[in-house]
Structures are given as structure tokens and as C-alpha cells.
2 protein chains.
Amino acid sequence: MKSKQTSFDIAYRAGVSQSTVSRALRNSPLVNEETRRRVQEIAAELNYKVDKNASSLRTQQSGTIALLLFEDPTNDDSLINPFFLSMLGSITRASAKKGYDLLVSFQQMSNDWHADFEDTRKADGIILLGYGDYTDYEEKLVQLIKQETHFVRWGADVKGLSVVSVGCDNFHGGYQVTEHVINKNRKNFAFLGGVTTGSPEFLDRYKGHCQALKDNNLAVDSKLQIDAVSTDESGYLAAKQLLENGVTFDAICAASDLIAIGAMRAVQEAGYNIPKDIAVVGFDDIATASSTFPAMTTAKQDTVLAGELLVDKLLQLVRGEEAQTQLMPTTLVVRKSCGS
Amino acid sequence: MKSKQTSFDIAYRAGVSQSTVSRALRNSPLVNEETRRRVQEIAAELNYKVDKNASSLRTQQSGTIALLLFEDPTNDDSLINPFFLSMLGSITRASAKKGYDLLVSFQQMSNDWHADFEDTRKADGIILLGYGDYTDYEEKLVQLIKQETHFVRWGADVKGLSVVSVGCDNFHGGYQVTEHVINKNRKNFAFLGGVTTGSPEFLDRYKGHCQALKDNNLAVDSKLQIDAVSTDESGYLAAKQLLENGVTFDAICAASDLIAIGAMRAVQEAGYNIPKDIAVVGFDDIATASSTFPAMTTAKQDTVLAGELLVDKLLQLVRGEEAQTQLMPTTLVVRKSCGS
DNA sequence: ATTGCGCATGCATACGTATGTATTTTTTAT
DNA sequence: ATAAAAAATACATACGTATGCATGCGCAAT
């Protein structure tokens with residue numbers, strides 16, 4: 001049980017050649033039924049496991065996909081955005097379901113990324129996950145395309161590049177939650193989330209938000225839009241700034257649940273009641289959203305479906321098939337933070 | 001830029017042999033300074049990347065560690081316990097820091113696990129993560145030991161087995177939070193968390209809890225201990241059951257933050273004020289804990305340190321060195337849920 | 001009986017790297 | 001100038017698997 005068993009060892013015990021062992025274990029129709037059974041029995045008995053390095057070297061396929069997770073640069077070293085963490089979980093599950101192992105790698109967006117898992121043959125393809133909100137991003141994508149790397153990404157469609165993306169309809173989601181709050185008879189809306197500097201995702205949500213306001217003859221007041229990145233601390237600060245502005249408002253649409261959570265804290269500390277005085281909606285439906293007080297109404301992104309789509313499309317590309325960019329709808333999850 | 005470059009291609013262009021290329025790229029002192037520079041230049045120019053499969057096959061080292069994440073069987077398919085998710089993040093970071101890639105794999109505890117990453121040479125060692133609360137567990141560990149697999153695990157020390165564990169001092173943590181609440185002049189303590197059926201971690205926390213009560217001449221009432229697994233739903237149900245018991249209490253110690261979150265919801269729905277009527281403490285300090293209302297006082301497990309310790313110790317084992325089981329202290333994080 | 005065919009198996013090789021050993025080139029000492 | 005030592009490079013091989021090709025065997029058709 002100690003030293004490693006090879007297919008030659010199995011071959012010896014079974015009295016056949018190594019090639020027959022290899023074929024038998026892979027259920028090749030070329031080997032006799034009886035022989036196959038005997039070989040597989042012996043292999044199991046000796047606890048033989050195929051050496052994936054040798055196998056991958058020979059077949060040029062690793063049976064592994066790599067997940068590159070880009071961090072919010074603002075997050076401190078130890079935390080991961082819970083939304084992406086949840087995506088990570090669903091991607092892990094989805095790839096396991098397809099029989100692929102998952103290599104997870106955190107990346108600093110700013111630095112050069114270490115996207116050479118496919119070049120090094122450690123992975124057959126790559127999933128990119130994170131807010132694509134920095135300048136070099138497209139350049140990097142172009143490079144990946146040029147190298148003919150198989151990859152898919154989470155996020156909004158990238159115009160002009162033949163890149164397969166899976167993302168949520170952020171515009172629609174932003175519209176959806178805003179409309180919901182409008183129906184609660186709120187008139188003065190604030191929006192917390194980086195619009196000029198931030199991610200394209202946030203911008204789309206803001207556009208949807210504004211469209212909903214316009215469609216309902218409500219004003220868009222730029223004083224009521226405050227930049228924030230996706231942390232509760234940032235949301236807290238943004239809401240504080242908003243409160244100090246002196247402009248009145250009775251609803252906050254946050255670009256993410258984390259921002260909303262921070263905002264709720266700031267608003268409550270200022271003595272306002274949620275939802276009576278101020279309604280709050282988030283975006284994402286992270287786990288925490290159901291545990292805030294009051295529980296948060298938000299636009300849910302279906303991370304389970306997203307993970308499956310990402311993996312499926314990536315594997316299509318790996319197999320040399322075509323794959324299409326896909327936009328998923330968001331679902332309005334009504335809880336308590338906007339009134340009943 | 002299309003077809004894959006090998007070290008032979010580099011060798012050809014540099015006018016040297018393949019072995020010299022290999023040595024040059026690995027900065028072997030056997031190659032001339034000037035030659036090394038030239039080879040590395042050409043390699044960079046051609047965007048050459050070492051084939052890790054071939055390299056691993058040759059060296060018998062994968063440069064990868066595998067993380068086996070065992071799920072709470074109670075969790076639905078799509079969710080991961082946020083505490084373990086956080087551990088996952090820190091382990092990913094810690095292994096990256098050591099230059100290792102991380103293979104992540106979710107496992108159903110009930111089934112046979114797929115712990116053959118080392119057998120298949122896909123990983124040099126394995127980290128086991130999850131509550132070790134089911135019957136076959138030790139048996140599996142014994143098997144891993146017998147196969148001489150390099151592995152470390154998160155959790156309490158396993159008596160009688162030479163297994164390297166990294167865990168928190170759950171007894172002390174349970175003691176610590178309970179003592180804190182005792183100092184807030186609470187007298188009647190409930191404990192929510194599986195004790196008879198649950199994980200050894202929960203049991204240790206309960207023991208610490210009870211010890212703190214005894215040391216302060218407070219009664220341990222078994223009617224005030226309700227089993228719960230680590231989900232907020234389970235915590236919610238447990239707290240409801242507790243409330244219906246009719247036994248009075250003014251403090252709840254939960255075996256985990258998730259349980260505490262559910263309990264808080266139940267308590268608040270029943271019309272009680274936290275912390276005025278009932279104090280609540282959790283365990284773990286997951287991200288959500290700071291965002292509950294009121295913010296939760298809890299015993300923090302240092303996931304960053306834990307991740308680093310797990311990776312460090314595993315790599316020690318991989319290198320053939322000795323490694324010791326280590327218990328980390330918990331830190332009391334005082335917020336609002338027990339009063340000020 | 002010879003040929004031909006299908007089936008099962010063995011043989012040989014390639015995947016790309018890392019490294020022990022042999023060989024060549026350069027330097028140093030005499 | 002020559003031998004010896006040192007340095008740099010080339011040669012050869014092994015890691016363990018998967019697979020194209022060749023081989024051998026039994027059986028049916030001619």
C-alpha cells in the first residue's frame with residue numbers, strides 16, 4: 001500500500017500488457033469483457049489510481065477548470081465580497097457536476113494577472129469573476145483572445161469583443177427594484193453606488209434606476225447619487241454624506257446589498273426608521289440580506305444558475321463548440337425594508 | 001503565437017540543448033550567466049510556459065494543494081456555511097502566498113469522499129474542512145493515514161490518531177462569551193446548538209459555556225439547551241421552541257453566528273428587545289455578525305491565521321517534516337447584542 | 001487447405017520536462 | 001606547452017499514460 005502503483009503493476013498481476021490495462025480501465029470496447037473485469041478488480045484491490053499528470057500530458061487535457069477571482073481593490077486583505085463567494089460556491093458545484101476539478105485563484109486586479117493556467121496545461125479553460133472596473137481589463141481580454149485561451153466571464157457583455165459573458169440584466173434589475181419602491185409611494189430617491197468611476201454593472205443598475213424614475217415622472221437629482229464601492233463601510237460613509245447633504249429623500253436604492261447594509265446602519269444611527277421614514281433596497285440577495293433588520297428587499301441574482309451557465313459555456317468552448325453570451329433576469333425579492 | 005511552444009523550440013532558437021533551456025529557466029547555477037539571460041529572453045518573447053503536467057510527472061510534485069470542503073448535510077444545495085466560505089478565502093490566499101495552487105472540492109459528508117487528489121498526483125497534500133460530525137469520519141481519517149496521504153484538518157484534536165489539526169479553543173471560546181454575558185448581570189442562560197448529536201466543536205463550546213456558569217454559581221438548566229445545526233433557519237426554530245417552553249431566560253448563547261441570527265429574529269418577532277430583554281451572543285464572527293441589528297457580540301475565530309496555519313503545516317508534512325496540532329485562541333468581539 | 005476477416009492483445013512510441021552522466025570547452029597550474 | 005581542474009553544455013533517459021500499429025488467434029468462406 002506504500003509505494004505508488006502504476007498500470008504496469010496491474011498489468012503484471014493480471015498477466016496482460018500495460019496497454020490492455022489502460023484500455024480496460026477506460027472501458028475501451030477493444031478489450032474482452034472478462035479481461036476488463038479482472039483488470040478492474042485487481043486495480044481496485046491495489047487501490048490503483050491513474051496518474052493525472054501522465055494522463056494529462058498524454059491526452060493534453062487536464063479535466064480541470066480554473067477560476068480567477070478578482071478582488072475589490074478596496075477590500076481588506078482577508079475579506080471576499082460575499083456575492084462572489086457565493087458564485088464561487090455555485091461554480092465549484094457546477095464544475096463538480098460536470099466531472100471537472102476546480103482550481104481557484106485570487107487575483108489582484110491591479111497587477112498582471114496570472115492567467116496562464118491554460119498555457120501551463122493545468123486547466124482546460126478559465127472563468128473570470130469579479131467587477132470588471134479597471135482600465136487594463138479589455139486589454140487583458142484581448143490578450144487572452146489572441147492566445148486562444150478558452151474562457152468565459154461574469155459580467156455585462158463587452159461590446160466589440162468576441163467574448164462569452166454570463167451576467168445579470170443589471171439595467172432591468174435596477175429598474176425593477178426602483179419601480180417596486182415607487183409603488184410604495186416614495187418620491188425622492190437616492191442612489192448609492194459608483195457611477196462615474198465604478199464598475200459597468202453599477203452604471204447599468206443606475207441607468208435602470210433612472211429610467212424607472214423617468215417613466216414615472218419622478219425627478220433624477222444628481223445630488224442624491226453618491227459614489228460607493230461594494231463594501232458596507234463604503235455604503236455607510238456614502239449614506240452619511242447623503243444625510244449631511246440636507247437634501248430630503250425617502251428612499252435609497254443601493255447598487256449592492258453590502259452598500260445597502262452600510263446605508264441602513266447609517267440611516268438608523270441617524271434616528272430614522274426603515275422603512276417608515278426611508279425605504280432601502282439592495283442588489284444581489286446575498287445571504288446576509290435576509291438577516292438584516294428589517295430584512296432587505298433586493299434584486300436577486302441567481303448565482304446557482306449563473307455558475308452552471310458559466311461552466312456549461314466554458315466547456316462548450318473547450319470542446320470547440322460555439323457559445324453565446326447570456327443575460328439572466330433578476331428576481332425581485334420582497335422583504336421588509338420598503339414597507340409592506 | 002498559436003501552437004504550443006516547448007522547451008525544444010526555445011532550445012532551437014537559442015542554439016542550445018533542451019536541457020540547458022530547462023536549467024536556464026530554473027536558474028540552475030550550472031548554466032552560464034549570459035546563456036541564461038538569452039534563453040530567458042527568448043522564452044519570454046515566445047511566451048513560453050512550462051508544461052506543468054510534464055513537469056509534475058517528472059518531479060512528482062504538483063505545486064498544488066487540495067481543499068476538501070464538507071458541507072453541512074442540512075444546508076440546501078446552493079449554500080455554503082459562511083464561516084467555511086471565509087476559511088476558503090483565507091486558505092486560498094495563504095496557499096497563493098506559498099506559491100501553491102488550490103484545488104477546491106465540495107464533498108458530501110455522507111458519501112464516500114473523493115480524497116484521491118494526492119493518489120492521482122493532482123495535489124501534494126489535502127486540507128479537510130468542515131464539521132467532523134458524522135460516524136464514518138474517523139474511519140476515513142485512518143484510511144488516509146494508512147495511505148500515507150499528507151493532510152491536515154480544521155477542527156478539534158482527534159484523540160488517539162496521529163492527525164495534524166488546526167482548530168479554535170472552542171471550550172475557552174464558549175467560556176469567554178458566557179462569562180462576558182454573566183458580567184452583564186444575566187442569570188438565566190439558554191444555549192442553542194446540537195450537543196448530543198452535533199459536532200464536537202459545538203459540544204466543546206457548550207462545555208465551556210456550562211463551566212462558566214458553574215464557576216459563577218449559576219444553574220445549568222437542560223431545558224434551556226436546544227439542539228440546532230448551523231443555519232439561521234435552525235436557530236430560528238430552536239429559539240421558537242425555547243420561547244414556547246415557558247422557561248424564563250434573559251440570555252442566549254448560540255453555538256454559531258448563524259444560529260444566533262435566526263434566534264435573534266425569533267426573539268424579536270416575539271416582541272422582545274435585544275439586548276434589553278434578552279442578550280444574545282454568537283460564535284465565529286462571520287461577516288454578517290457586524291451587520292445584524294443590534295450588531296452581534298461574538299467569539300471571533302481568526303480565519304486568516306487559521307488558513308495560514310493549515311497551509312503551513314500541510315507544507316511541512318509535504319516536505320517530510322513534523323507538524324504539530326495547534327489550538328488557536330478565540331477573541332471576544334463586543335458589539336451591541338449584550339448591552340453596553 | 002488456403003485465404004480472409006474479426007477479435008483480442010502486445011509492441012512501440014510520444015506527450016514535455018528535469019536531471020544524472022558524458023562530453024566538450026575553457027581556465028589554471030606547472 | 002601540457003596536464004589537470006573547472007565550467008559549460010550536450011546526451012540520454014525516466015516519469016506513467018494513451019493510442020496507432022502490428023501481431024496472433026480462431027473461425028468461416030472459398
Just do the side-chain hydrogen bond (donor to acceptor under 3.5 Å, both in side chains) check on A:K122 and B:T64 with the steps written out, would you?
-> CA-CA 10 Å; A:K122 265 203 158 183; B:T64 303; 2.5 Å; yes
Is [X] touching bases, backbone alone, or none of the nucleic acid, heavy atoms closer than 4.0 Å?
{"X": "B:S56", "value": "nothing"}
{"X": "B:S22", "value": "base"}
{"X": "B:R26", "value": "sugar-phosphate"}
{"X": "A:S55", "value": "sugar-phosphate"}
{"X": "B:Q60", "value": "sugar-phosphate"}
{"X": "A:S28", "value": "nothing"}

Can A:K159 and A:E138 be counted as an ion pair, charged N to O under 4.0 angstrom?
->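 Salt bridge: yes.
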5' to 3' on DNA chain C, which nucleotides open and close the contacts with chain A (atom under 4.0 Å from a heavy atom)?
->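 The footprint of chain A covers C:dA8 to C:dG16.
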Between A:L57 and B:R38, which has a closest nucleotide on DNA chain D that is more 5'?
->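 So the residue in question is B:R38.
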If you find the nucleotide of DNA chain D closest to B:T35 and the one closest to A:D51, which residue's nucleotide is nearer the 5' end?
->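 Closest to the 5' end, via its nearest nucleotide, is B:T35.
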Residues in side chain to side chain donor-acceptor pair (under 3.5 Å) contact with B:E322, at least two apart in sequence or another chain |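 For B:E322, no residue satisfies side chain to side chain donor-acceptor pair (under 3.5 Å) once neighbours in sequence are set aside.
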Test side-chain hydrogen bond (donor to acceptor under 3.5 Å, both in side chains) applied to B:T303 and B:S86, step by step | CA-CA 7 Å; B:T303 56; B:S86 158; 3.2 Å; yes
Is there a donor N/O on one and an acceptor N/O on the other, under 3.5 Å, for the side chain of A:R58 and the base of D:dG20?
->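 It does not, because no donor-acceptor pair links the side chain of A:R58 to the base of D:dG20 below 3.5 Å.
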Hey, does the side-chain of B:S19 have a donor or acceptor N/O within less than 3.5 Å of a partner on the base of D:dC11?
->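 Counting by modelled atom types and ignoring angles, a donor-acceptor contact under 3.5 Å is found here.
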No-hydrogen, no-angle side-chain donor-acceptor test under 3.5 Å, B:S19 and B:S22 |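 No, because no side-chain N or O of B:S19 sits under 3.5 Å from a partner of the opposite role on B:S22.
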Considering just the side-chain nitrogens and oxygens of B:T20, establish if one lies under 4.0 Å of OP1 or OP2 belonging to D:dA10.
->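 Looking at the OP1 and OP2 atoms of D:dA10, one of them is under 4.0 Å from a side-chain N or O of B:T20.
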Apply side-chain contact (heavy atoms from CB on, under 4.5 Å) to B:H150 and B:I126, showing your working.
-> CA-CA 6 Å; B:H150 301 109; B:I126 296 178; over 6 Å; no
Value in whole Å for how far the P atom of D:dA18 lies from CG of A:L25 |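 About 8 Å, once rounded to whole Å.
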